[in-house]
Each structure stands twice: as C-alpha cells, then as structure tokens.
Amino acid sequence: MRFRPFAPLLVFALIGAFLWWGLYLDPRLVPSPLIGKPAPAFDVPRLYAPDQRFTEKQLQGQVSLLNIWASWCPSCSIEHPFFNRLAQRNELPIYGLNYKDTVRDAKSWLAKRGNPYRAIAFDADGRVGIDWGVYGAPETFLIDADGIVRYKHVGPVNEGVWQEKFAPLIKQLRSGESS
Amino acid sequence: MRQVLLGLMVLMLGATASAEETSIYGLNFKDGAERDRYQALISELRCLVCQNQSLSDSDAPLAQDLREEVHRIMSGGQSDEEVIDFLVDRYGDFVLYRPPLRRSTLVLWFGPAVLLIVAVFLALRTVNRRAQFTTELSAADIARAEQLLAEEPSSAVKGQGA
C-alpha cells in the first residue's frame, strides 16, 4: 500500500479535524487573567444598605460566587431563576455586583425576580467591573476561601454549566481546605 | 464663484478645528501632543465588546468607559506602557489589537510564513520530480519507432473503416 497518493487526503482530514474542533469553540470568549490571582480590591456601597461598604474582604473566609448583573441585561433575567434555586440549596454564598445600574431599577428588578444575593455591591460607574475585567454581563466568578479567583464564567449560568464547571471545582476547593 | 468661496470657507473651518483641538470623546487634553499620544494608544487597544474594532472606533458603552479610564491614567502622568499594563492585567493580551510576540503566539506570528515555505518546497519538489520523467530516446528506440510508423496497420485493427 503506497502512502504518497494518500498524503493530500490525510492533510485534508487533519485540517478537517481542526476545523471541526473549531466549530465548538467560541471566538468571542476572552480568557480572564485574574484566574489564580487575588480578587481585585474594591470599596463600594451596598445596594440595600448604602451606608455600609462592600469590599473584597467580604469574599474571604469561604468559597463564594460573585455574580455580575444589571437590570438592563436580558441574559441576566434568563439566568436569574437558577441563582434563586441555587440560593435555596444553600451550597455557598452568592454575592452580587450590580454593574452600571441605578438603585431604583436594580431594586425593582430584584423585587420582581427574587433576590438570591447575600449582599450586593453597587458599582454605578462600572469601575469595579473594569478592575474585574468585565466585558459583558452576566459574568460569574468563583472565589476560594483565601480570596483567590478560581474560575470565571461569561454568559448565563444554568444547571448544566453548574454541574460541569462549578460543582467539581467547588468540591475540589473545599476538600483542599479541610486538609 | 460664490460656490468656490463657500467651499474654501468650509475647508478653512475644518482646518482650524483639527490642529489645536484638545478635546475629543468629551475628554480634555493639555496639548496636541498629549491628544496625539492618547489617539495612538486607543487605536492600539481592542474594544472587548465589538471585538474587531479598536477603542477609538467603537461606540460600545464599555469602549467609552475604557477610553475614559485610559484618559484618567494618562492624566495621572503615567506612561503608555503603564496604560497597557493596566488593561492587560485586567483583560489579558486580547485587549491589545496587535497580538504581542510571546511563546504562546509564535505559531500565530510565524505559522503562515512557515507553512508557505513548506508548501513552496513541496511544490517545487513535485514539479522537479515530474520533469525527470522526460527521457532521451536511444538510437535503437528511434529506429524501432520509425519501423512501427512505416508498417501497415496490423490485422487486429483491419475492418475499422477506410
């Protein structure tokens, strides 16, 4: 069996395999340089308690989520029921960062859809968002007990994403903690 | 004549606006040099929302936020490199419109050239190999060819028409 006549076919198959793999990639996803680094510092008022401050220190002490959301963001409406359910399961604290929103719109949005957040940071001008590399709500960060960013998900989170991406990592982080 | 004058006036208006304009995108600069430095910088930074536009071209809200941020950092007296470091720390290399030359981008930068060289090499090799198949005929071969051409058509092909 001579090899040479099959060379173009093999080259085609190789290129085809790469292109096929590429169909499943999202070219718009921007990987975060924050993974493995301490959560960026911030200091903003809380949405429901504007006289109190919300800083990155609140994200230390246990594995937690920081969900970037806004009332003007339609995908945030889509993912929100999942976070409500997640909050009821009481698996881990969910913090919110209300991104480039107004107090009135944010509160009325939550009043209609439910509030799964233990506390909400109010980032009116989006500067905290810039520090966290936010480029499109919703985005969700997983932070470990030492305040290190471990994972970032861009786009709505649902049960499938949770089981595939978040749950195994949380288990791993927690088993690391107790040792 | 009136139209020529009108045209000239419009041109002059445009000319006066650009040279000393130190306010763009609603941001103020202390002089033309600073403004030029800013313009050059934001043309080299990518809008993360409209990802095939630079910060200077994009209308996305995030682009305006980032333009203001770059302006804020520059006004603080920081260098171009410090602005770039600020954004790369938060958004990664993708925020640079031109990918930096790193180990991870070697394939991106040199891959096409390498592939082209390999393709040209293979093409030339194939063409040369094909060229080897033209052979010189020996004298015996030429004699035999002439004999065959002079012969009557063989009995096997008789009956196929005149």
Side-chain angles (χ1 to χ4, degrees), chain A residues 2-12 14-15 18 22 25-42 56 66 68 70-75 97 99-102 123-139 141 149 151-152 154-155, chain B residues 26-27 42 45-55 58-73 75-76 83-97 99-100 102 104-105 107-108 111-112 114-116 118-119 121-123 125-126 128-130 133:
Chain A
R2 275 169 42 229
F3 165 77
R4 197 167 290 134
F6 292 95
L9 185 63
L10 287 169
V11 170
F12 170 76
L14 191 67
I15 295 175
F18 273 110
L25 300 177
D26 181 354
R28 291 189 48 86
L29 281 182
V30 181
S32 174
L34 299 181
I35 310 291
K37 300 221 180 83
F42 59 94
E56 81 284 0
L66 182 67
I68 319 297
S71 64
W72 45 260
C73 156
S75 302
L97 182 80
Y99 176 65
K100 298 192 65 164
D101 214 340
T102 65
D123 179 23
D125 56 8
R127 304 269 320 272
V128 178
I130 289 180
D131 281 340
W132 281 72
V134 171
Y135 64 97
E139 295 182 3
F141 291 86
V149 176
Y151 182 67
K152 172 183 181 182
V154 176
Chain B
L27 304 165
I42 61 172
L45 295 168
R46 188 192 304 267
C47 170
L48 280 312
V49 177
C50 309
Q51 293 178 347
N52 55 355
Q53 287 185 306
S54 68
L55 282 188
S58 174
D59 289 330
L62 179 65
Q64 180 60 22
D65 288 351
L66 289 177
R67 283 193 291 263
E68 286 172 10
E69 194 67 31
V70 170
H71 177 256
R72 199 191 325 262
I73 299 172
S75 306
V83 171
I84 290 172
D85 282 347
F86 179 89
L87 287 174
V88 170
D89 282 347
R90 285 154 180 74
Y91 289 97
D93 283 342
F94 195 60
V95 78
L96 299 170
Y97 214 56
R102 288 203 217 291
S104 54
T105 57
V107 177
L108 178 66
V114 167
L115 278 176
L116 186 64
V118 168
F121 170 73
L122 285 176
R125 207 176 70 150
T126 310
N128 283 335
R129 203 176 321 120
R130 295 231 179 104
F133 288 120

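A, B, ... follow the sequence lines: proteins, then strands. Residue 1 opens every chain. Everything quoted here is computed from the prediction, not taken from an experiment.
Within 6.0 Å of atom CG in A:D26, more than 12 heavy atoms from other residues, nucleotides or ligands are found, so the atom counts as buried in its surroundings.
No part of B:R46 comes within reach of chain A, as not one of its non-hydrogen atoms sits under 4.5 angstrom from that chain.
Identified by a heavy-atom distance below 4.5 Å to chain A, the contributing residues of residues 86-93 of chain B are B:F86, B:V88, B:D89, B:R90, B:Y91, B:G92, in residue-number order. Interface with chain B: from residues 29-40 of chain A, residues A:V30, A:P31, A:P33, A:L34 qualify, criterion being any non-hydrogen pair under 4.5 Å.
Put simply, CG on B:L62 and OH on A:Y99 are 5.0 Å apart, with the number rounded to the nearest 0.5 Å. With values rounded to the nearest 0.5 angstrom, B:R72 atom CZ is found 7.0 Å from A:I130 atom CD1.
Nearest heavy-atom pair across A:R28 and B:Q51 is O-NE2, 2.9 Å.
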